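The structure under discussion appears below in the form of structure tokens.
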Amino acid sequence: MVGRRLGADWQRSLIVVLTCARIGLSEYPGVHGGVRPYAEEDSMATVAAPIDATSTAAWKALEAHQEKLEVEGIDLKAWFAADPERVNKLSFDAGDLHFDLSKNLVTDETVKLLCDLAREVKLEERRDAMFSGEHINTTEDRAVLHTALRRPATERGQLIVDGQDVVADVHEVLDRMYAFAERVRSGEWKGVTGKKIEHLVSIGIGGSDLGPVMAYEALRPYADAGIDCRYISNIDPNDQAEKLKGLDPETTLVIIVSKTFTTLETLTNAREVKTWMLEQLKAQGAIDGSDEQNAEAVAKHFVAVSTALEKVEAFGIDPANAFGFWNWVGGRYSVDSAVGLSLIVVLGPERFQQFLEGFHAIDEYFCNTPLENNAVALMGLLNVWYVNFFGSKSHAVLPYCQYLHRFPAYLQQLTMESNGKHVRWNGSAVTSDTGEIFWGEPGTNGQHAFYQLLHQGTVVVPADFIAFANTANPATDSGQDVHELFLGNFLAQTKALAFGKTADEVRAEGTPEQIVPARCFEGNRPTTSIFGDTLTPFALGELIALYEHITFVEGTVWGIDSYDQWGVELGKQLAKQITPAFHDDAAKAEQDASTQALIEFYRAHRK
């Protein structure tokens with residue numbers, strides 16, 4: 001039963017013990033890791049079946065509405081001219097972000113019908129169920145509570161899920177991480193030779209890497225402790241080799257991020273980095289290579305983000321230096337959990353707290369703003385509009401801020417791993433297209449790469465443009481404010497995509513007639529503009545939460561479980577079967593003809 005309360009301590013303890021036994025933990029993780037596992041059931045969670053959006057009155061009305069728009073002619077230039085209030089009606093403020101949705105292919109009727117659809121599929125009810133801790137992740141029978149990671153400490157006791165005070169648990173781990181980070185930042189934590197830590201190496205993959213890397217790059221101007229961070233994720237040895245170049249092992253601290261401490265790529269890299277650390281320390285005369293000194297070096301140069309304390313300890317890490325998180329936090333939603341430990345060390349607890357507050361501001365806005373005025377919900381519904389009624393297959397995210405250069409890659413996992421599904425949350429087949437290919441590149445680089453397709457291609461790609469009024473690095477060129485030059489491009493691109501350029505306008509410039517068609521721009525290419533004051537930790541938290549909830553809105557309309565990821569499993573299973581075949585003829589013989597041929601190529605060329 002979801003959301004249940006257990007009134008007595010013995011009941012709570014029993015659930016913890018049974019859960020630990022089931023997932024193979026012999027030690028209660030709350031002792032050192034600060035994490036108490038939450039009770040699960042073996043069967044699918046009992047959640048009402050999804051409403052088939054395609055059978056609703058609103059969906060049918062949207063189909064008719066879209067057909068009418070196509071017949072009448074979609075014309076943003078005419079729509080703007082006919083409605084002087086269009087920009088005001090489709091502009092919103094959430095936290096300190098400003099949203100302009102006016103250049104989307106919508107009318108007042110479109111917005112009304114999309115909100116009708118949201119209500120018919122019970123979007124608001126599912127939103128409330130998620131925030132309250134119901135097990136809406138049905139295939140894994142788990143709550144979905146990444147939003148609890150940023151709830152303030154004053155809300156202790158207000159969210160009890162499966163017998164646990166979730167907010168209290170979150171802040172127990174946060175407090176331990178903040179204390180640890182201060183020890184590293186101040187120099188109190190020292191390496192085996194007594195030197196201050198100057199470099200972090202964070203080892204993880206997927207959500208244990210993409211979020212922290214993106215946030216570290218985005219918030220570089222706020223890294224004030226004289227500590228840099230490098231992230232190793234790929235099992236390709238080249239990744240590790242390049243990231244370790246130039247590092248002094250005596251001043252390097254390694255964070256291994258793996259909830260179960262079994263992730264193939266992460267543990268392989270961790271063992272390799274451990275070998276590198278011990279060999280380099282011995283070569284520098286810092287340790288003598290004895291078991292005792294090796295153990296001391298590992299204890300002072302490695303910490304973990306994990307709840308598998310026995311495995312952590314077997315690696316040589318003191319369980320007191322392991323920081324955990326919960327099964328209700330999906331990897332792609334975990335950057336604001338212990339997975340963000342590297343960020344806390346580099347940025348400091350105060351700025352990480354501001355980061356969390358940005359998330360929470362958007363959470364509150366999403367929960368408390370009516371759909372018609374809710375920029376977060378409307379952006380999710382607009383994506384449904386384009387995917388299901390215009391046939392869009394991809395979505396561009398174009399940050400006009402170089403610090404956000406990893407943001408599109410982060411969103412690829414967040415959105416595509418969440419909504420790339422072909423079954424609904426009750427196991428039935430989906431009834432419409434789901435998901436989009438998210439991609440992007442910072443402006444103005446993208447303008448010189450793929451904007452040609454955005455402006456004049458035959459495929460319409462909805463795009464989100466993100467910019468900030470202020471920059472961390474102001475500059476001028478011959479009196480010209482370079483940031484204003486940059487933002488001029490940000491504004492020009494959405495204007496060009498929306499309103500285009502007619503043949504008459506091209507001719508008026510004296511263009512030869514035979515070239516006129518090539519210089520015309522159809523316009524009516526949909527964009528959303530997101531404008532902020534400054535890219536701060538708070539603003540970054542807002543942006544991440546925005547796209548988390550956009551993803552949720554889409555998943556709810558499509559009736560899918562946006563919080564599992566079974567699609568990543570088959571390839572991993574097959575990799576374990578195939579790897580022996582590089583040297584084992586019997587294993588090779590079990591493979592298909594194509595795989596066998598590729599293995600033969602490898603054998604012939606591997607030096």
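Fair warning: this is a prediction, and the values are worked out from it, not measured in the lab.
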Practice task
For the pair Tyr178 and Phe352, name the ring-plane relationship: parallel under 30°, tilted 30 to 60°, perpendicular over 60°.
Solution key: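 Because their plane-to-plane angle is over 60°, the rings of Tyr178 and Phe352 count as perpendicular.
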
Presence of salt bridge, [Y] and [X], under 4.0 angstrom:
X: Asp363; Y: Arg151; value: no
X: Lys112; Y: Glu109; value: no
X: Lys195; Y: Glu250; value: yes

Side-chain contact test, heavy atoms from C-beta onward, threshold under 4.5 Å: evaluate it for [X] versus [Y] and give yes or no.
X: Val170; Y: Arg150; result: no
X: Pro399; Y: Pro408; result: yes
X: Phe302; Y: Val273; result: yes
X: Val335; Y: Pro212; result: yes
X: Tyr403; Y: Phe468; result: no
X: Leu378; Y: Trp385; result: no
X: Pro462; Y: Asn383; result: no
X: His455; Y: Gln493; result: yes

We want to know whether [X] and [Y] form a side-chain donor-acceptor pair, criterion being a heavy-atom distance below 3.5 angstrom.
X: Trp439; Y: Ser394; result: yes
X: Ser202; Y: Tyr216; result: no
X: His146; Y: Asp336; result: no
X: Ser102; Y: Asp100; result: yes
X: His65; Y: Thr110; result: yes
X: Thr528; Y: Asn104; result: yes
X: Asp75; Y: Asn524; result: no
X: Glu85; Y: Asn88; result: yes

Where the side chain of [X] meets the backbone of [Y], is there a donor-acceptor pair that is under 3.5 Å apart?
X: Asn368; Y: Glu364; value: yes
X: Arg230; Y: Leu200; value: no
X: Gln412; Y: Phe438; value: yes
X: Lys243; Y: Tyr231; value: yes
X: Thr536; Y: Ala539; value: yes
X: Thr434; Y: Lys421; value: yes

Which atom of [X] lies closest to which atom of [Y], heavy atoms considered:
X: Pro526; Y: Val460; answer: CD-CG1, 3.4 Å
X: Val516; Y: Thr511; answer: CG2-O, 3.9 Å
X: Ile560; Y: Ser418; answer: CD1-O, 4.3 Å
X: Ala338; Y: Val305; answer: O-CG2, 3.4 Å
X: Thr551; Y: Asn419; answer: O-ND2, 3.1 Å
X: Arg525; Y: Leu453; answer: NH1-O, 3.9 Å

Handout entry: Evaluation steps, side-chain contact (heavy atoms from CB on, under 4.5 Å), between Phe323 and Ile255
Key = CA-CA 10 Å; Phe323 305 90; Ile255 304 172; over 6 Å; no

Handout entry: For His549, the option from Tyr365, Tyr333, Phe366 that meets ring pair (Phe, Tyr, Trp, His ring centres under 6.0 Å)
Key =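 Exactly one candidate clears the test, Phe366.
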
Got more than 12 heavy atoms from elsewhere within 6.0 Å of [atom1], [X]?
X: Arg406; atom1: CZ; answer: no
X: Glu505; atom1: CD; answer: yes
X: Lys89; atom1: NZ; answer: yes
X: Gln480; atom1: CD; answer: yes
X: Lys77; atom1: NZ; answer: yes

Practice task
Check step by step if side-chain contact (heavy atoms from CB on, under 4.5 Å) holds for Glu542 and Asp96.
Solution key: CA-CA 8 Å; Glu542 290 180 306; Asp96 60 6; 2.3 Å; yes

Exercise for the section: Check step by step if side-chain contact (heavy atoms from CB on, under 4.5 Å) holds for Leu381 and Leu371. Expected result: CA-CA 10 Å; Leu381 292 168; Leu371 294 178; 5.5 Å; no

Problem - Aromatic ring proximity, centroids under 6.0 angstrom, Phe486 and Phe490 - result: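 Phe490 vs Phe486: aromatic centres not under 6.0 Å.
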
Exercise for the section: Please find out if less than 6.0 Å separates the ring center of Tyr547 from that of Tyr410. Expected result: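 No, too far apart.
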
Problem - Intermediate values then yes/no, side-chain contact (heavy atoms from CB on, under 4.5 Å), Glu548 and Leu414 - result: CA-CA 7 Å; Glu548 287 178 345; Leu414 175 65; 4.1 Å; yes

